[in-house]
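Here is the structure we will look at, set down as structure tokens.
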2 protein chains.
Amino acid sequence: MADLQGDEMRLFLTDEQLRQGIEAMFFAYRGFTADPDMILASKAYGRAHHRAIHFVARSPGTTVNNLLAMLGVTKQSLNRVLRTLLQDGLIESRVGPSDKRERHLYLTESGNALERELSDAQRARMRAAYRSAGPEAVAGFRQVLEAMMDPELRRRYHTLRETTT
Amino acid sequence: MADLQGDEMRLFLTDEQLRQGIEAMFFAYRGFTADPDMILASKAYGRAHHRAIHFVARSPGTTVNNLLAMLGVTKQSLNRVLRTLLQDGLIESRVGPSDKRERHLYLTESGNALERELSDAQRARMRAAYRSAGPEAVAGFRQVLEAMMDPELRRRYHTLRETTT
DNA sequence: CATTTTAAGTCAGCTTTGTTGACACTCCAA
DNA sequence: TTGGAGTGTCAACAAAGCTGACTTAAAATG
């Protein structure tokens with residue numbers, strides 16, 4: 001990467017190449033969310049609920065503050081979503097064992113069921129894309145995505161990976 | 001892609017790998033939109049305006065119907081955005097030369113100025129990501145994104161590339 | 001030529017998901 | 001014991017999506 005030829009640089013860093021990358025991100029993200037969105041619509045939930053459920057599933061016992069930082073929304077916005085999930089019995093909130101101000105969040109059995117349904121759909125598309133592109137393409141895909149993240153989110157992304165891989 | 005070993009398959013198609021890909025998409029998309037969003041916020045426009053501007057810049061003279069298909073929103077939703085851009089003199093609408101029902105959309109000079117400002121910011125991040133990941137990673141990135149798209153959008157994505165590359 | 005279909009625009013009303021700002025309560029730590 | 005952090009909640013608002021109904025003009029079709 002450090003010792004590219006001038007021509008090679010130009011080939012993949014032209015404005016046109018970058019524009020295509022931008023459009024690819026836009027169209028791909030639509031596909032990325034399409035399947036879960038379908039499921040959610042039939043259940044009176046939205047993408048915001050999915051995101052909360054995803055990260056609680058990913059880090060059981062996570063606190064509200066941690067979730068806020070992950071999702072990058074305001075406390076009020078998350079709270080509205082979280083409240084419906086608590087009321088509907090998909091998420092359980094336990095008072096922090098050491099710090100009693102904190103609420104630790106867990107999926108209930110039915111929360112887990114919905115999570116599985118959503119993530120099965122999303123992973124199915126991902127799996128098909130990965131399979132058709134092949135392992136080397138996937139490695140590149142991951143590299144570029146990581147480089148696009150804000151440093152703070154990249155840090156969080158790595159932290160997530162460490163705790164579960 | 002056709003002749004992978006079983007082990008290799010398992011290595012990059014595990015649920016955990018797919019989950020990481022999903023999270024990478026989520027965090028990267030935040031970065032992807034962060035810079036234009038900052039600029040837009042200071043100008044009382046939103047992401048929806050950016051998207052309209054982008055595709056009009058990309059395909060000057062495009063019709064409203066074509067834009068609708070690209071963006072995947074309703075006519076009413078697009079219209080609200082388009083109206084403010086017309087009123088503010090960023091987009092120009094000309095009656096179709098052959099079919100007078102159609103409106104062909106063009107950026108005005110100031111529309112082009114905003115487009116450049118937004119896409120410079122977005123491309124800068126993209127360029128940095130591409131450069132740090134290298135040309136092979138970029139190729140893989142594009143392959144996976146393309147495979148994630150819905151077929152109809154993939155078709156449109158290719159059409160876009162043909163007309164401008 | 002009459003009818004139907006298409007492209008575009010508009011009005012009204014609703015939903016989701018984000019935002020500020022203000023405030024209360026609990027609890028940890030200095 | 002006081003200041004600040006973590007959480008929850010109220011109110012009000014904005015962006016951007018949606019549905020449904022309707023108009024106008026022009027093209028396409030019979």
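Convention: sequence-line order gives letters A, B, ...; per-chain numbering from 1.
More than 12 non-hydrogen atoms from other residues, nucleotides or ligands lie less than 6.0 angstrom from CD of A:Gln87.
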Listing time: all N or O pairs from protein to nucleotides 2-4 of chain D that are below 3.5 Å?
residue: D:dG4; atom: N2; partner: A:Arg101; partner atom: NH1; Å: 3.3

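Look at A:Glu16 and B:Arg58 and you find a salt bridge, because one of the NZ, NE, NH1 or NH2 atoms lies within 4.0 Å of a carboxylate O, short of that distance.
Taken over five-pair windows at either terminus, the axes of the helix from C:dC1-D:dG30 to C:dA30-D:dT1 are inclined to one another by 30° (rounded to 10 degrees).
Under the 4.5 Å side-chain criterion, counting only non-hydrogen atoms from C-beta, A:Asp99 is not in contact with A:Thr63.
Residues from residues 73-89 of chain B that place a heavy atom under 4.0 Å from any atom of DNA chain C, listed by number: B:Lys75, B:Gln76, B:Asn79, B:Arg83.
In this structure, the side chain of B:Arg47 does not engage the main chain of B:Asp37 through any donor-acceptor pair within 3.5 Å.
Place A:Ala44 and A:Gly72 on DNA chain C by their nearest nucleotides, and A:Ala44 ends up nearer the 5' end.
Note on A:His49: a side-chain N or O is less than 4.0 Å away from OP1 or OP2 of C:dT17. For A:Asn65, no side-chain nitrogen or oxygen approaches OP1 or OP2 of D:dA5 to under 4.0 Å. OP1 and OP2 of C:dT15 both lie 4.0 Å or more from every side-chain N or O belonging to A:Arg47.
For an aromatic pair to be called close, the ring centres must be under 6.0 Å apart, and A:Phe141 with B:Phe12 fails this.
Taking CG of B:Leu114 as the start and CG of B:Leu40 as the end, the distance is 6.5 Å to the nearest 0.5 Å.
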I'd like to know whether B:Asp150 forms a salt bridge (Lys or Arg N to Asp or Glu O under 4.0 Å) with B:Arg156, so could you lay out the CA-CA distance, the side-chain angles of the two residues, the decisive distance to 0.1 Å, and finally the verdict.
CA-CA 10 Å; B:Asp150 276 336; B:Arg156 293 196 166 265; over 6 Å; no
